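For reference, the structure is listed below as structure tokens.
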Amino acid sequence: MSNETLIDLYKALIKPRMIEEKMLVLLRQGKIAKWFSGIGQEAISVGVAMALNRDEYILPMHRNLGVFTVRGIPLNRLFSQFQGKPGGFTKGRDRSFHMGSQEYKIIGMISHLGPQMGVADGIALADLITKTPHVTAVFTGDGGTSEGDFHESLNVASVWNLPVIYIIENNGYGLSTPSSEQFRCKQFVDKAIGYGIEGVKVDGNNILEVYEAVDRIARSIREHPRPVLLECVTFRMRGHEEASGTKYVPQALFDEWGRKDPIRNYEEFLLNEEIINEDFINMVRAEIREAIDKGLEITFAEKDVEPDTALELKDLFRQENAIAIPPASNSKTEKRYLDAITDGMRQAMQRHHNLVIMGQDIAEYGGVFKATTGFVDEFGKDRVRNTPICESAILGAGLGLSINKHKSIVEMQFADFVTCGFNQIVNNLAKSHYRWGQNADVVVRMPTGAAVGAGPFHSQSTEAWFFHVPGLKIVYPAFPSDAKGLIAAAIEDNNPVMFFEHKALYRSITEEVHDDYYTTEIGKARVVKEGDDLTIVTYGLGVHWAMEALTEIKGISADLIDLRTLLPWDKETVLNSVRKTGKVIIMHEDTLTGGIGGEITSVIAEECFNFLDAPPVRIGALDTPVPMSSALEWNFLPKDRFKTALIKLASF
Ligand SMILES: Cc1ncc(C[n+]2csc(CCOP(=O)(O)OP(=O)(O)O)c2C)c(N)n1
């Protein structure tokens with residue numbers, strides 16, 4: 001290494017230490033609220049960030065201040081981020097290192113630790129597909145490796161040859177829990193063998209070792225994309241966060257690792273080699289001290305964030321959504337619900353060359369419901385990807401693709417299995433735009449619903465789980481024409497959309513559907529039938545039950561509203577109808593308690609009280625799991641109870 005590189009590494013190494021020392025003072029003075037210290041571990045963040053190219057993504061954790069400083073983020077912006085001031089990266093919405101920046105190619109963590117690694121997979125996948133010779137580096141602590149996300153993301157990266165360096169900072173503790181109570185492996189490089197990937201172990205307190213290893217691995221990965229696990233052995237010299245103390249760590253360990261301090265040792269080495277001298281050290285330190293003081297001055301002078309409710313709500317989503325796309329001609333063909341979804345997806349794949357579909361068995365096999373039959377032949381294996389059974393890593397990868405300029409559709413084999421990827425959806429996809437302005441351009445396809453004799457784990461209605469999550473959109477078509485228009489709209493939308501498609505409707509209903517590509521507006525209900533006696537609000541299979549009931553039971557003139565979008569639901573259409581009819585019944589296939597019907601009923605009660613001639617009625621499935629045998633399943637489902645309630649409401 002040239003003296004210049006050695007000196008650059010030195011300057012980069014002491015900066016985060018000096019910032020931290022200042023932060024600890026400010027903490028004692030009550031000027032900052034919390035601090036997660038990386039003292040003792042700086043050589044890893046700094047070595048990694050210095051070895052990578054400036055346009056390569058890094059996904060750091062809570063002890064990686066060095067990544068942020070090496071990338072050259074102005075200190076006042078960093079301090080404003082720590083202080084929740086407007087000059088930070090999250091408009092005061094998230095704390096400390098929970099931030100990302102496309103400008104600096106840093107993607108910060110969510111608190112859940114492990115999900116970072118799936119996101120890294122997606123970023124790397126985009127590079128792999130576009131043949132961009134880039135490396136993505138993602139950090140985890142040793143404790144974080146106990147999470148399923150660690151396993152899933154390494155597994156996905158290994159089968160897909162993703163160019164990711166997984167950096168494990170093995171500091172012996174996960175919060176207060178020592179390694180012996182966290183895992184039984186002797187060293188993490190052994191785990192790499194299990195994933196069929198290379199593992200490299202370095203002294204994480206030696207900046208030269210870290211830098212050289214990452215530089216060598218990165219050069220090789222850029223040429224031959226593949227994942228590599230890098231274990232950096234180190235020690236955390238302070239508590240998990242400052243308030244938590246260090247009582248659980250034996251003093252002997254502090255003494256031992258104190259002697260291995262990465263900064264003092266490197267400084268001594270440079271002094272011994274006469275590459276630097278005391279004057280130089282003093283000069284560099286003075287420069288950094290001045291930069292810190294200047295940065296703090298700007299941050300402290302900055303006003304606090306002022307709440308703006310309209311902005312808070314607006315920033316949930318990226319707003320530049322695609323405009324409505326009408327069909328180019330009037331040509332139509334009779335299509336089943338499933339074929340309409342396939343058609344919409346195929347045309348979207350033709351239109352968006354950066355759109356990737358991922359799911360279990362979706363490639364050659366065409367998916368268990370055959371929604372993607374023939375796609376792999378038309379669009380190739382890069383864009384139509386069979387995935388391992390790793391819902392969490394794949395949903396995280398969806399966000400990663402989005403970060404790296406791709407759109408994605410992730411198929412859950414059955415909506416029930418979304419539980420295994422729940423965290424990525426509700427905490428990562430849903431919150432990322434609000435937190436730091438990064439949209440998650442991901443459609444999650446959810447083959448849903450009962451009435452197919454499939455029992456408790458292949459039949460659930462899961463839409464209400466997501467209805468409560470700000471930052472998501474939920475669509476749920478009941479007809480083939482809407483299925484095509486809404487899947488296209490979901491794909492055109494740059495935000496995360498949960499797309500529910502009812503399995504019992506796949507092959508049971510047909511409709512004339514436009515052959516051309518078109519979108520159906522998200523957020524707008526469809527009035528299926530018009531009438532004056534009462535209003536029926538429903539969606540999915542419920543729409544068909546309601547149509548059947550209105551045909552069977554003579555003499556009820558009803559507005560039948562198919563919501564089509566559940567989040568945001570079309571209040572205007574529902575409330576206008578209820579104001580007209582004065583009576584309303586809300587019915588869904590989902591279980592009653594905590595179902596979407598409760599929310600709709602409550603808004604109707606608030607907004608239409610003076611127009612109501614009867615109490616609003618809510619009908620849902622029994623509050624039990626979905627039973628398998630036909631008699632039990634139809635007893636569980638609300639179809640018959642709906643008819644009884646409808647007659648009762650009509651004669652109220
Ligand atoms: C899913 C999840 N469970 C629990 C926590 C609480 N938690 C925060 S950090 C931490 C320990 C992390 O240990 P490790 O990955 O070894 O990193 P270290 O803090 O030692 O650097 C825990 C349990 C969390 N953030 N996320």
Side-chain angles (χ1 to χ4, degrees), residues 16-17 20 23 34-48 58-68 94-99 108-120 137-154 166-188 191 201 204-205 210 229-250 253-254 257 262 391-393 395-396 419-431 435:
R17 172 71 60 92
E20 280 220 38
M23 291 300 139
K34 229 176 171 47
W35 188 252
F36 292 86
S37 173
I39 288 183
Q41 301 188 195
E42 295 97 333
I44 306 168
S45 317
V46 171
V48 170
I58 305 183
L59 294 85
M61 300 295 286
H62 49 292
R63 302 200 195 287
N64 301 124
L65 175 59
V67 169
F68 297 80
D94 207 342
R95 69 187 200 188
S96 58
F97 300 108
H98 296 202
M99 52 156 274
M109 63 188 291
I110 62 168
S111 291
H112 301 66
L113 314 166
Q116 271 301 74
M117 292 180 271
V119 178
V138 60
F139 286 77
T140 175
D142 47 281
T145 66
S146 299
E147 292 187 50
D149 275 302
F150 173 80
H151 163 70
E152 288 196 10
S153 54
L154 263 76
Y166 296 91
I167 297 144
I168 303 174
E169 295 187 276
N170 186 357
N171 64 13
Y173 284 86
L175 215 157
S176 75
T177 304
S179 297
S180 59
E181 293 175 40
Q182 189 75 247
F183 44 82
R184 197 172 277 278
C185 65
K186 279 210 180 79
Q187 49 180 4
F188 285 99
K191 292 207 176 199
K201 186 175 178 179
N205 279 27
V210 176
L229 182 155
L230 178 67
E231 175 176 1
C232 302
V233 181
T234 187
F235 191 71
R236 155 157 64 77
M237 293 301 285
R238 303 195 66 87
H240 164 65
E241 61 90 26
E242 285 308 306
S244 64
T246 53
K247 277 205 186 105
Y248 49 86
V249 182
L253 277 178
F254 283 123
W257 284 91
E391 281 81 5
S392 185
L395 286 159
T419 43
C420 297
F422 194 69
N423 182 48
Q424 289 282 18
I425 296 175
V426 304
N427 283 318
N428 235 345
L429 305 190
K431 294 184 176 47
R435 291 170 54 240

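Remember, it's 1-based here, ligands and their atoms both numbered in the order they're listed. Below, each value reflects all heavy atoms present in this structure, side chains not excepted, and no hydrogens, waters or symmetry copies. Remember, it's a predicted structure, so these values are computed and weren't measured experimentally.
Taking every heavy atom of H112 and a limit of under 4.0 angstrom, the matching atoms of ligand 1 come to 1 (C), 26 (N). The ligand atoms of ligand 1 that sit less than 4.0 angstrom from a heavy atom of R63 are 18 (P), 19 (O), 21 (O). Near G143, meaning under 4.0 Å from one of its heavy atoms, ligand 1 places the atoms 13 (O), 14 (P), 15 (O), 16 (O). Atoms of ligand 1 lying under 4.0 Å from at least one heavy atom of N171, given by number and element, are 18 (P), 20 (O), 21 (O). Ligand 1 places these atoms under 4.0 Å from at least one heavy atom of R236: 20 (O).
Judged by distance alone, the side chain of Y173 and the main-chain N or O of V249 form no donor-acceptor pair under 3.5 Å. Proximity of a side-chain donor or acceptor of Q116 to a complementary backbone N or O of F139 within less than 3.5 Å is not detected. Side-chain atoms of S179 come within 3.5 Å of backbone atoms of G172 as a donor-acceptor pair (strictly under, hydrogens ignored). Using a distance-only test at 3.5 Å, with no hydrogens or angles considered, no donor-acceptor pair links the side chain of R435 to the main chain of N428. E391 places no side-chain N or O within donor-acceptor distance of the main-chain N or O of C420, the cut-off being under 3.5 Å. Without hydrogens or angle criteria, E147 side chain to T145 main chain gives no donor-acceptor distance under 3.5 Å. The backbone N or O of G38 lies less than 3.5 Å from a partner atom in the side chain of E20, making a donor-acceptor pair.
Residue contacts with ligand 1: T140 is placed with no nitrogen or oxygen under 3.5 Å of a nitrogen or oxygen of the ligand (distance criterion only). At least one N or O atom of S111, backbone or side chain, sits closer than 3.5 Å to an N or O atom of ligand 1. Between Q41 and ligand 1, not a single N/O pair is under 3.5 Å apart.
Looking only at side-chain heavy atoms (C-beta outward), S392 and N423 stay at 4.5 Å or farther from each other.
In the model, T234 has no side-chain atom that pairs as donor or acceptor with a side-chain atom of N171 under 3.5 Å. With hydrogens and angles left out, the side-chain atoms of S146 and Q182 include a donor and acceptor closer than 3.5 Å.
For atom 24 (C) of ligand 1, a protein heavy-atom neighbour is found at a distance under 4.0 Å. Distance check on atom 3 (N) of ligand 1: every protein heavy atom falls at or beyond the 4.0 Å cut-off.
With a 4.0 Å cut-off on non-hydrogen atoms, M61 does not touch ligand 1 at all. By the criterion of a heavy-atom distance under 4.0 Å, neither the backbone nor the side chain of T177 is placed next to ligand 1. Neither the backbone nor the side chain of Q182 comes within contact range of ligand 1; no heavy atom lies under 4.0 Å.
Two rings, from F183 and F188, have their centers less than 6.0 Å apart.
Relative ring orientation between H240 and H62 is described as perpendicular, the plane-to-plane angle rising above 60° on a 0-90° scale split at 30° and 60°. The aromatic rings of F68 and F97 sit tilted, their planes meeting at an angle between 30° and 60°.
Looking at atom 12 (C) of ligand 1, its nearest protein heavy atom turns out to be L113 CD1, 4.0 Å. Shortest contact from atom 20 (O) of ligand 1 to any protein heavy atom: Y173 O, 2.7 Å. The closest protein non-hydrogen atom to atom 17 (O) of ligand 1 is G141 CA, 3.8 Å. Given atom 13 (O) of ligand 1, the protein heavy atom at minimum distance is G174 CA, 3.2 Å. Among all protein heavy atoms, the one lying closest to atom 9 (S) of ligand 1 is H240 CE1, 3.1 Å. Annotation: atom 15 (O) of ligand 1 to nearest protein heavy atom, G144 N, 2.9 Å. The shortest contact between atom 11 (C) of ligand 1 and any protein heavy atom is with L175 N, 3.4 Å.
By the 4.0 Å heavy-atom criterion, E169 is excluded from the residues contacting ligand 1.
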